[in-house]
Visitor: 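Supplied in structure tokens, the structure appears directly below.
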Amino acid sequence: MSEEITNANFIHDFIDEDIAPGGDYAGMTVHTRFPPEPNGYLHIGHAKAICIDFGTAEKYGGICNLRMDDTNPTKEDVEYVDAIMEDIRWLGFDWGDRFFFASQYFEKMYECAVELIEKGLAYVCELTPEQMREFRGDLTTPAKSPFRDRPKEESLDLFRRMRAGEFEDGKMTLRARIDLTSGNFNMRDPVIYRINRITHHRTGNEWCIYPMYDFAHPIEDAIEGITHSLCTLEFEAHRPLYDWVRDNVTLPAKPRQIEFSRLGITNTVMSKRKLRKLVEDGIVDGWDDPRMPTLCGLRRRGYTPLSIRNFCERIGVSKTNSTVDYAFLEHCLREDLNESAQRTMVVLDPVKLVITNYPEGKSETFEIENNPNRPEDGKRTITFSRECWIEKTDYMDEPVKGYFRMFPGNEVRLKTAYIVKCTGCKRDENGELIEVYAEYDPETRGGDTPDGRRIKGTIHWVDAENSVDAEVRMYENLFTDPEPDTGDKDFLEYINPDSLKILTDCKAEKGLTQSAQTHFQFMRIGYFCIDKKASESSGRLVFNKSVSLKDGFKKKK
Ligand code: ATP
Ligand code: MG
């Protein structure tokens, strides 16, 4: 995956033709929809579809509906409906007052089915599921369907009685009468209604027959006046059926289906069923676990709406399914946070640095810019005193080659404060580092040397007098395999046991507890965000690592 991916968008090319004078939709307002099935939380793949559906409408000055595709009542839940709306709004899209449930159209769908039966284009079939499979035929053998020529009066009567609940689940189906010899098996008299006694989250027990997706979807689209029904590639082979339904029942509009590739991302899984499994098995801490590719998980991880929209824009729209490198998603986040995140110093693995020639009880202040890229974000005051926290890794007894940080005799810059010269350290009986010692040069306030002598190392620090304990959660890929669910792989075998590491003894600027900001660059380390949920429940300051400072994406290139 490279950044130079073409921005050409074949969907827009199709629409340009359609709305041009003489086109099928000439003079019409472009009208799209996003139709999630409310059986789980939205993920980054849905974000791609949302950007395409809402983004296309935006581009053409059109409109986009939000429709809960709730024709299959098994796993739907109101919890998901609310979360889906929240996530779409968070991404920055708006459906106005055009919010619908596919189940609103059940009566109309039933009428469409009756119309097909009356036209001799649908019939009630009494084959068992096993028989239906057996009679399906293959590429050289047509399907068999012994009920397809029954009188339409009989089908009409049976279909009415199916609805009235006279037959058991699975006993009968309604099938479209299309073509038993078609090379496209979706056209071999597909089932369009089945009996299924399941309570629906909106219509309750009003219905015991439910329409199949391929029959329902074109009807939903047409009722809403959709011009372009954009969906993923797996529906390509279903398009002839979409068109057949659209063209054979009386509907107020003739939507056009256009398919685009599904988004996959390395080292993760995307299907809701698999994501639910991770939640139910306790492998992650809920749908909004910061390791999840769900929008609520990414948001908690520190992803911004802009970073996700930029990502979706830049991966482009194509007809070939592809797996995008996770590093590219991170690249888009880093780019946004580099512009927008407040800078701060946080020590993840602290050791005390004592500046032995700095007067006890003295304290001074420094003004630092919140974000050098955005002077409008202003400055804030930080304090400095005799003791501060530095990273253990910023000290060595004997420097290795190229190490310019603390080691006895070496001068180092404490970022924005002073130049200090390391004088040694104290260790406990096990050799654990207890304290590091240094002397500061009072002539170097601000970090500049008056005589121009060169200081190679600069390290971050936090004033011990004004520090607060923080917990920092470091993340890695949830899966060790780049494609954990391709082929016949069992994705559960590739869970990364080290995907979460919790650092509990970190030191942050005290001011952060009152900050209105949520996203930060920890200088020299990476981008982090406050985990509100975890902070509130634990009573401590909890950060999630969003992404490292270094760009793994560019490096790989
Ligand atoms: P899943 O397998 O994750 O449950 P789905 O396709 O069943 O996905 P829906 O809720 O039916 O999920 O999807 C709503 C819309 O989002 C559909 O138009 C679908 O094509 C699109 N979509 C779902 N997953 C992706 C993806 N990975 N990439 C792009 N679009 C997607
Ligand atoms: Mg689905």
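Nothing fancy with the numbering, it's 1 onward along the sequence.
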Visitor: Counting only heavy atoms from other residues, nucleotides and ligands, does the tally under 6.0 Å from NZ of K415 exceed 12?
Guide: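 No.
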
Visitor: How long is the straight-line distance from SG of C51 back to CD of E58, given to the nearest 0.5 Å?
Guide: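 The CD atom of E58 sits 9.5 Å away from the SG atom of C51.
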
Visitor: Checking N371 side chain against E339 main chain: does a donor-acceptor pair fall under 3.5 Å?
Guide: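 Flag set: sc N371 to bb E339 pair under 3.5 Å.
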
Visitor: State whether the number of non-hydrogen atoms from other residues, nucleotides or ligands found under 6.0 Å of K392 atom NZ is greater than 12.
Guide: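 Counting neighbours around NZ of K392, more than 12 heavy atoms of other residues, nucleotides or ligands fall under 6.0 Å, so yes.
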
Visitor: Can you list every pair that meets ring pair (Phe, Tyr, Trp, His ring centres under 6.0 Å) and has a residue in residues 441-499, with sequence neighbours left out?
Guide: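 Ring pair (Phe, Tyr, Trp, His ring centres under 6.0 Å) check on residues 441-499 returns F384-W461.
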
Visitor: How about Y41 and Y80: are their ring centroids closer than 6.0 Å?
Guide: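 Centroid distance Y41-Y80: below 6.0 Å, so yes.
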
Visitor: About how many Å separate CG of D70 and CZ of F101, when rounded to the nearest 0.5 Å?
Guide: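 Here the interatomic distance stands at 6.5 Å.
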
Visitor: Would you give the length of the straight line joining atom CD of E439 to atom CD of E411, rounded to the nearest 0.5 angstrom?
Guide: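 Going from CD on E439 over to CD on E411, the span is 10.5 Å.
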
Visitor: Measure the acute angle between the ring planes of W95 and F99, then classify it against the limits of 30° and 60° as parallel, tilted or perpendicular.
Guide: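 Taking F99 first and then W95, their aromatic rings sit tilted (interplane angle of 30° to 60°).
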
Visitor: How close do S385 and I355 get, heavy atom to heavy atom, and via which atoms?
Guide: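 Nearest heavy atoms, S385 then I355: O-CD1, 4.0 Å.
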
Visitor: So, W389 and S467: side-chain donor and acceptor under 3.5 Å apart, yes or no?
Guide: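 Result is yes, a qualifying pair exists.
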
Visitor: Do other residues, nucleotides or ligands put more than 12 heavy atoms under 6.0 Å from E367 CD?
Guide: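 More than 12 within 6.0 Å, yes.
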
Visitor: Answer yes or no: is there a donor N or O on one side and an acceptor on the other, between the side chain of N321 and the main chain of R262, under 3.5 Å?
Guide: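 The answer is yes, because a donor-acceptor pair under 3.5 Å joins these two groups.
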
Visitor: Hey, does the side chain of D485 reach the backbone of V269 with a donor-acceptor pair shorter than 3.5 angstrom?
Guide: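 No; judged by distance alone, with no hydrogens or angles, the pair does not exist.
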
Visitor: T458 and V412: side-chain contact (heavy atoms from CB on, under 4.5 Å), yes or no, with the steps?
Guide: CA-CA 6 Å; T458 300; V412 173; over 6 Å; no

Visitor: Main chain of P293, side chain of T268: is a donor-acceptor contact present, judged purely on distance under 3.5 Å?
Guide: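 Such a contact is absent between T268 side chain and P293 backbone.
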
Visitor: R374 and S340: which non-hydrogen atoms are nearest, and at how many Å?
Guide: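 Looks like CD-CA, 4.0 Å.
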
Visitor: Is there side-chain contact between V284 and V279, with at least one heavy-atom pair below 4.5 Å?
Guide: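 Result yes, sub-4.5 Å side-chain heavy-atom pair found.
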
Visitor: I'd like to know whether D394 forms a salt bridge (Lys or Arg N to Asp or Glu O under 4.0 Å) with R524, so could you lay out the CA-CA distance, the side-chain angles of the two residues, the decisive distance to 0.1 Å, and finally the verdict.
Guide: CA-CA 11 Å; D394 283 337; R524 295 179 65 219; 2.9 Å; yes

Visitor: What is the minimum heavy-atom distance between I495 and T480, and which atoms define it?
Guide: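 So the minimum-distance heavy-atom pair works out to O-CG2, 4.4 Å.
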
Visitor: Identify the two heavy atoms, one from C332 and one from R314, that lie closest to each other, and give their separation to 0.1 Å.
Guide: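 So the two residues come closest at SG-NH1, 4.0 Å.
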
Visitor: Return yes if a side-chain donor-acceptor contact under 3.5 Å exists between R33 and N65, otherwise no.
Guide: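 Checked: R33/N65 side chains show no N/O donor-acceptor pair below 3.5 Å.
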
Visitor: Tell me, do N338 and N373 make a side-chain contact under 4.5 Å, heavy atoms counted?
Guide: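 A side-chain contact under 4.5 Å exists here.
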
Visitor: Give a yes or no on whether D451 atom CG has more than 12 heavy-atom contacts from other residues, nucleotides or ligands under 6.0 Å away.
Guide: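 Buried by this count: over 12 neighbours within 6.0 Å.
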
Visitor: Check whether any side-chain heavy atom of L503 lies under 4.5 Å from a side-chain heavy atom of M474, and answer yes or no.
Guide: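 Yes, at least one pair of side-chain atoms sits under 4.5 Å.
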
Visitor: Could you tell me which residues satisfy side chain to side chain contact (heavy atoms under 4.5 Å, CB included) with S307, sequence neighbours excluded, listed by chain and number?
Guide: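 Here the qualifying residues are Y303, T304, L333, D336.
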
Visitor: In terms of relative ring orientation, are F34 and F54 parallel, tilted or perpendicular, with 30° and 60° separating the classes?
Guide: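 The rings of F34 and F54 sit tilted, inter-plane angle from 30° to 60°.
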
Visitor: Counting distance only, does the side-chain N/O of N9 pair as donor-acceptor with the main-chain N or O of I11 below 3.5 Å?
Guide: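 Present.
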
Visitor: Mark yes or no for whether S261, through its side chain, and S318, through its backbone, hold a donor-acceptor pair below 3.5 Å.
Guide: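 Flag set: sc S261 to bb S318 pair under 3.5 Å.
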
Visitor: Looking at side-chain heavy atoms only, is the closest gap between L66 and F100 below 4.5 Å?
Guide: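 No. Closest side-chain heavy atoms not under 4.5 Å.
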
Visitor: Side chains of E364 and Y358: closer than 4.5 Å at any heavy-atom pair?
Guide: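 Yes, close enough: below the 4.5 Å cut-off.
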
Visitor: Roughly how far, to the nearest 0.5 Å, is the CG atom of L275 from the CG atom of L478?
Guide: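 Output value for this atom pair is 9.0 Å.
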
Visitor: When you check the gap from the basic side-chain N to the acidic O, do R453 and D441 get nearer than 4.0 Å?
Guide: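 Looking at D441 together with R453, the answer is yes, because their closest N to O distance falls below 4.0 Å.
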
Visitor: In plain terms, say whether E391 and R405 are close enough for a salt bridge, that is, a side-chain N and a carboxylate O under 4.0 Å apart.
Guide: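 Between R405 and E391 there is no salt bridge, as every charged N stays at least 4.0 Å from the carboxylate O atoms.
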
Visitor: Please say whether more than 12 non-hydrogen atoms of neighbouring residues, nucleotides or ligands are located less than 6.0 Å from NZ in K319.
Guide: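 It does: K319 NZ has more than 12 such atoms within range.
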
Visitor: For I84 and E37, which heavy atoms make the closest approach, and how far apart are they?
Guide: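 In terms of heavy atoms, the two residues are closest at CD1-O, 4.5 Å.
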
Visitor: So do C312 and I52 actually touch side chain to side chain, heavy atoms under 4.5 Å?
Guide: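 No, too far: nothing below the 4.5 Å cut-off.
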
Visitor: Supply the atom-to-atom distance Y326 OH to N267 CG, rounded to the nearest 0.5 angstrom.
Guide: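 Rounded to the nearest 0.5 Å, the OH-CG separation comes to 9.0 Å.
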
Visitor: Does R301 reach the main-chain N or O of K545 with its side chain, forming a donor-acceptor pair under 3.5 Å?
Guide: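 Yes, because the side chain of R301 sits within donor-acceptor range (under 3.5 Å) of the backbone of K545.
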
Visitor: Taking only residues at least two apart or on different chains, which pairs with a member in residues 394-414 satisfy ring pair (Phe, Tyr, Trp, His ring centres under 6.0 Å)?
Guide: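 Non-adjacent pairs meeting ring pair (Phe, Tyr, Trp, His ring centres under 6.0 Å): zero.
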
Visitor: Taking side chain as C-beta onward, heavy atoms only, is M270 less than 4.5 Å from I44?
Guide: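 Yes, side chains in contact.
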
Visitor: Examine the side chains of T232 and E234 and answer whether a donor and an acceptor come within less than 3.5 Å of each other.
Guide: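 Looking only at side-chain atoms, E234 and T232 do form a donor-acceptor pair, the distance falling under 3.5 Å.
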
Visitor: When K507 is tested against each of D469, D463, D349 for side chain to side chain donor-acceptor pair (under 3.5 Å), which residue passes?
Guide: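 With K507 as partner, side chain to side chain donor-acceptor pair (under 3.5 Å) holds for just one option, D469.
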
Visitor: Between side-chain atoms of residues 86-93 and protein atoms elsewhere (two or more places apart, or another chain), which donor-acceptor pairs fall under 3.5 Å?
Guide:
| from | atom 1 | to | atom 2 | distance (Å) |
| --- | --- | --- | --- | --- |
| D87 | OD1 | R299 | NH1 | 3.0 |
| D87 | OD1 | R299 | NH2 | 3.0 |

Visitor: Examine distances only and state if a side-chain atom of H519 and a backbone atom of G302 form a donor-acceptor pair shorter than 3.5 Å.
Guide: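 Yes; at least one donor-acceptor contact below 3.5 Å.
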
Visitor: Who are the side chain to side chain contact (heavy atoms under 4.5 Å, CB included) partners of A438, not counting sequence neighbours?
Guide: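 A438: side chain to side chain contact (heavy atoms under 4.5 Å, CB included) contacts with L353, V420.
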
Visitor: Taking it one step at a time, do R300 and D531 satisfy salt bridge (Lys or Arg N to Asp or Glu O under 4.0 Å)?
Guide: CA-CA 6 Å; R300 205 171 150 199; D531 188 319; 3.0 Å; yes

Visitor: For R291, does its backbone N or O pair with a side-chain atom of D289 as donor and acceptor, under 3.5 Å?
Guide: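 Confirmed, D289 side chain pairs with R291 backbone.
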
Visitor: Please lay out, stage by stage, how I308 and L295 fare under the test side-chain contact (heavy atoms from CB on, under 4.5 Å).
Guide: CA-CA 9 Å; I308 293 178; L295 293 180; 4.1 Å; yes

Visitor: By side chain to side chain contact (heavy atoms under 4.5 Å, CB included), which residues pair with D94, not counting sequence neighbours?
Guide: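 Once residues adjacent in sequence are excluded, D94 has no partner under the side chain to side chain contact (heavy atoms under 4.5 Å, CB included) criterion.
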
Visitor: Would you check if Q342 and S515 make a side-chain contact, meaning some heavy-atom pair closer than 4.5 Å?
Guide: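 Heavy-atom side-chain distance check passes, below 4.5 Å.
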
Visitor: For the NZ atom on K489, are there more than 12 heavy atoms of other groups (residues, nucleotides or ligands in this structure) within a distance under 6.0 Å?
Guide: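 More than 12 within 6.0 Å, yes.
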
Visitor: In Å, rounded to the nearest 0.5 Å, how long is the span from NZ of K277 to CG of L492?
Guide: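 Result: 6.0 Å between the selected atoms.
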
Visitor: Looking only at heavy atoms, what is the nearest atom pair of I525 and V346, with distance?
Guide: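 Here I525 and V346 meet closest at CD1-O, 3.5 Å.
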
Visitor: Do the side chain of R67 and the main chain of P36 share a donor and acceptor less than 3.5 angstrom apart?
Guide: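 No: the side chain of R67 does not pair with the backbone of P36.
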
Visitor: When you check the side-chain N and O atoms of D53 and T32, is any donor under 3.5 Å from an acceptor?
Guide: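 No pair is found: no donor N or O on one side chain lies under 3.5 Å from an acceptor on the other.
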
Visitor: Check the side chains of T383 and K510 for a donor-acceptor pair under 3.5 angstrom, ignoring hydrogens and angles.
Guide: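 Checked: K510/T383 side chains show no N/O donor-acceptor pair below 3.5 Å.
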
